[in-house]
A.B. asks: 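Pasting a structure below so you can have a look.
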Amino acid sequence: MNGSALVGATARVAVVGAGPSGLYAVKALLESDVGVGIDVFDSLPAPYGLVRYGVAPDNQKMKSVIRVLRGSFTEGNDVRFLGNVTFGEDITAAELRAYYDAVIYATGTQGDRGLGIPGEELPGSYGAKEFVNWYCGHPDAAERDFALHGPEVAVVGAGNVALDVARLLAKSTEEIAATDVPDRVLGTFSSSTVTDIHLLSRRGPAQAKFTTVELREMGELANADILIDPGALELTPEEEERIAADRQQRKNVSLLREWAQRPPEGKPRRLHLWFWRSPVRIIGENHIDGVVIERNALQADGTLRGTGEYETLPVSMILAAVGYQARALPGVPFDEHTNTVPNKNGCVLEAEGTPRPGEYVAGWAKRGPTGVIGTNKNDAAETVDNLLDDLNDLRNKGRDSSRDVTKLLRQRGIDYVDWAGWLRLDTHETTLGEQQNRPRVKIPDLLSMLEFTRK
Ligand code: NAP
């Protein structure tokens with residue numbers, strides 16, 4: 001089934017969010033021996049969520065997981081894509097509960113965690129998600145542009161998003177042109193005059209959250225030398241002992257030590273890796289003149305304390321890659337402390353712990369923004385196993401199986417995009433890519449996207 005109406009006596013499940021967690025949940029549902037029809041809602045006319053709008057554009061290999069995720073929409077499966085439908089506006093949680101036997105929320109995270117330091121509101125200080133949305137061609141950032149004038153910029157955080165952002169800033173025009181970024185984004189990167197990128201980690205090299213594969217890519221930058229103070233790589237005996245038992249940390253430290261020994265080759269850009277440094281104040285009036293950083297020390301209980309030693313980096317832009325944060329979904333319980341939908345193994349709970357039968361959650365909305373794309377496979381499988389256990393009870397609740405949600409959407413004038421519509425946009429983008437010898441050229445603005453989904 002691909003977009004045309006099919007509502008029968010089989011159980012019907014709504015999946016809210018067509019990102020990796022939602023689509024792994026669809027796959028797990030299809031792999032069960034229970035006959036089930038599935039509608040996958042997304043606020044955008046394009047599927048794949050973070051694979052399309054989060055995985056860095058120079059990581060096309062990782063985007064190949066799309067081949068697995070799109071398989072569920074093939075002929076013969078009762079799976080529909082209903083894109084350009086905003087949950088909570090175009091359709092409510094209560095309506096989904098009435099139209100479906102079960103609902104899975106797989107909406108990921110929508111916002112950035114902030115730094116919470118003075119000057120953060122200045123133009124030139126941004127959350128990484130804004131920047132990632134922009135270079136990934138997300139419609140929310142279609143009107144945005146970033147002044148890549150530098151010459152010095154800072155990226156805060158020691159996770160993979162910080163690595164992605166710093167790596168893209170360090171790449172040459174030719175390297176960016178080999179990706180699927182929108183034309184306008186390519187234009188901005190091409191005129192970048194950034195020369196020095198400072199990556200600020202508040203902890204040490206033995207505590208960074210980088211995964212080794214992603215860190216290793218940094219060492220292969222054609223356009224930038226990596227500069228690290230070798231002193232920052234001297235670990236305490238306790239740290240040496242700890243990393244001996246932690247493969248990722250051990251390999252990370254070994255890579256960093258190797259890089260610290262490399263003489264700079266005079267490449268056009270420089271990536272400075274700072275450890276034990278926190279930004280404490282962004283300075284400037286109408287724009288950023290710099291960022292004050294403070295050296296940190298680790299306390300016996302594992303927390304950090306500022307040492308009172310300050311330096312100022314003369315940066316003109318600061319990107320905080322300090323983690324993403326989910327927002328509450330209308331009509332769905334939300335835990336303000338964990339920023340997740342409260343759940344037990346994927347079964348949604350009220351704030352006080354009472355189960356919400358028929359409602360499930362998967363992915364980052366369930367466990368927070370951790371893990372790589374593949375982590376969502378087992379995560380979604382757990383949620384789906386629990387849903388399937390409940391399905392007989394849920395099907396006896398008396399849902400009117402003659403009702404089709406697409407009728408309701410049409411009555412409301414919602415211009416939903418079906419799978420065939422998405423494929424038209426997909427073909428348009430890949431054709432543009434072929435013309436420019438690029439993997440694809442993304443269309444970032446919503447109206448144009450919608451136009452290309454139509455025949
Ligand atoms: P993350 O891995 O949680 O890293 C966040 C970093 O920000 C940590 O180093 C954290 O330090 C630091 N931080 C938090 N608050 C801070 C503050 N106020 N000041 C300074 N630093 C602060 O988050 P992420 O990088 O956003 O990544 C999210 C998930 O996506 C991760 O699981 C990541 O592996 C995954 N991802 C994977 C890929 C890939 O596989 N290619 C690419 C991108 C993202 P502390 O450790 O001290 O808290």
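Nothing here was measured: the structure is a model prediction, and the numbers come from that model. Index from 1, following the sequence. Counting convention: from 1, in listed order, for ligands and their atoms alike.
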A.B. asks: Which residue owns the protein heavy atom closest to atom 23 (O) of ligand 1, what's the atom, and how far is it?
C.D. replies: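 Checking every protein heavy atom, the shortest distance to atom 23 (O) of ligand 1 gives Gly323 CA, 4.1 Å.
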A.B. asks: Look at atom 33 (C) of ligand 1 and say which protein heavy atom is nearest, naming residue and atom and giving the distance to 0.1 Å.
C.D. replies: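 Looking only at protein heavy atoms, the one closest to atom 33 (C) of ligand 1 is Asn160 ND2, 3.8 Å.
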A.B. asks: Where does Phe210 meet ligand 1, judged by heavy-atom distances below 4.0 Å: at the side chain, the backbone, both, or neither?
C.D. replies: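 The answer is neither.
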A.B. asks: Could you tell me the residue and atom name of the protein heavy atom closest to atom 9 (O) of ligand 1, and the distance to it rounded to 0.1 Å?
C.D. replies: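 Looking at atom 9 (O) of ligand 1, the protein heavy atom closest to it is Ala158 N, 3.0 Å.
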A.B. asks: Using a 4.0 Å heavy-atom cut-off, say whether Val372 meets ligand 1 through its side chain, its backbone, both or neither.
C.D. replies: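 The part of Val372 near ligand 1 is the side chain, not the backbone.
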A.B. asks: Just checking, Arg80 and Phe41: is the charged tip under 6.0 Å from the six-membered ring centre and within 45° of the axis?
C.D. replies: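 Cation-pi check for Arg80 and Phe41: fails.
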A.B. asks: Please round to the nearest 0.5 Å and tell me the distance separating atom CZ of Arg277 and atom OG of Ser201.
C.D. replies: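 Result: 10.5 Å between the selected atoms.
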A.B. asks: What is the closest protein heavy atom to atom 32 (O) of ligand 1, and at what distance does it sit?
C.D. replies: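 Here the closest protein heavy atom is Gly371 N, 2.7 Å.
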A.B. asks: Mind checking whether Val156 contacts ligand 1 via backbone (N, CA, C, O), side chain (CB onward), both or neither, at a 4.0 Å heavy-atom cut-off?
C.D. replies: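 For Val156, only side-chain atoms sit under 4.0 Å from ligand 1.
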A.B. asks: Begin from the C-alpha positions of Val16 and Val103 and carry the test side-chain contact (heavy atoms from CB on, under 4.5 Å) through to its verdict.
C.D. replies: CA-CA 7 Å; Val16 184; Val103 182; 4.0 Å; yes
A.B. asks: Do me a favour and list the nearest non-hydrogen protein atom to atom 46 (O) of ligand 1 with residue, atom name and distance?
C.D. replies: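 Going atom by atom, the protein heavy atom closest to atom 46 (O) of ligand 1 ends up being Lys209 NZ, 3.4 Å.
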A.B. asks: Check the pair Gln207 / Glu239 against side chain to side chain donor-acceptor pair (under 3.5 Å), numbers first and verdict last.
C.D. replies: CA-CA 9 Å; Gln207 289 90 12; Glu239 284 178 318; 2.9 Å; yes
A.B. asks: Side chain or backbone of Met62 under 4.0 Å from ligand 1, or both, or neither, by non-hydrogen atoms?
C.D. replies: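 Within the 4.0 Å criterion, Met62 contacts ligand 1 through side-chain atoms alone.
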A.B. asks: With rounding to the nearest 0.5 angstrom, report the CG to CD distance, Leu298 to Glu238.
C.D. replies: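 Taking CG in Leu298 and CD in Glu238, the distance rounds to 10.0 Å.
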A.B. asks: Could you work out, for atom 25 (O) of ligand 1, the closest of Val165, Val161, Val322, Asn59 by heavy-atom distance?
C.D. replies: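 Minimum heavy-atom distance to atom 25 (O) of ligand 1 goes to Val161.
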A.B. asks: Residue-level breakdown please: for Ala321 versus ligand 1, do any non-hydrogen atoms fall below 4.0 Å on the side chain, on the backbone, on both, or on neither?
C.D. replies: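 Backbone only.
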A.B. asks: Given that the side chain starts at C-beta and the backbone is N, CA, C, O, which of these parts of Asp164 lies under 4.0 Å from ligand 1, counting heavy atoms, or is it both or neither?
C.D. replies: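 Only the side chain of Asp164 comes within reach of ligand 1.
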